[in-house]
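Only one structure is covered here, and it is reproduced in the block below.
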Amino acid sequence: MKSHTHYLWFNTKQRQEVIDITDEVAAQVAQSGVLEGFALVSAMHITASVFVNDHESGLWGDILKWLEETVAPWDPPRYRHNDTGEDNAAAHLRSLTIGHEVIVPITNGKLDLGTWQRVFYGEWDGQRRKRVIIKVVGE
Ligand code: ZN
């Protein structure tokens with residue numbers, strides 16, 4: 001079995017951002033030499049997400065709006081976590097809602113995604129250095 005590990009680093013301009021990382025994941029699959037297997041893509045933080053969805057900027061805005069208005073408004077006084085002096089409880093809840101990792105199948109040496117599927121990093125508390133692990137395993 002082959003195994004290949006790579007880290008992507010982020011330091012977003014906005015506190016919340018959605019970033020398409022599909023090409024970076026595909027490049028690591030190519031580098032791994034794995035023809036049949038899986039790529040695990042996982043945010044190494046408790047206030048970020050990795051998810052699969054559509055490369056469409058209107059939808060990214062919808063996701064951010066949905067998280068802000070329906071899931072977890074950025075309203076520090078409303079959360080107990082922020083009694084510790086932090087203000088990012090909403091980012092933790094957004095990470096839980098969207099999820100922190102995905103596993104993408106590899107077939108014939110390529111990411112085997114559906115037609116409209118792309119892999120995204122969701123930053124919910126950015127403007128500082130954070131990272132994602134990509135682990136490719138297979139044969
Ligand atoms: Zn926190």
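Small disclaimer: the values here were computed from a predicted structure and weren't measured. Counting starts at 1 for both ligands and their atoms, following the listed order. This chain uses plain numbering: 1 for the first residue, then up along the sequence.
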Study note, to complete from the structure: Residue pairs meeting ring-ring contact (aromatic ring centres under 6.0 Å, His included), one or both in residues 11-53, sequence neighbours left out, come to Phe51-Phe120
Revision key, fill the gap. The side-chain hydrogen bond (donor to acceptor under 3.5 Å, both in side chains) partners of Lys135 (sequence neighbours excluded) come to Thr5
**Study point:** Closest heavy-atom pair and its distance - Thr47, Asn88
**Key:** CG2-ND2, 3.7 Å
Review point. With sequence neighbours left out, what residues match Glu101 under salt bridge (charged side-chain N to carboxylate O under 4.0 Å, His left out)?
Key: none
Study note, to complete from the structure: Between Arg131 and the options Trp9, Tyr121, Phe10, the side chain to side chain contact (heavy atoms under 4.5 Å, CB included) test singles out Trp9
Check your understanding: Where do Ser32 and His4 come nearest, in terms of heavy atoms and distance?
Key -> CB-CB, 3.5 Å
Review point. What is the number of protein N, O or S atoms that sit under 2.8 Å away from the Zn ion (ligand 1)?
Key: 4
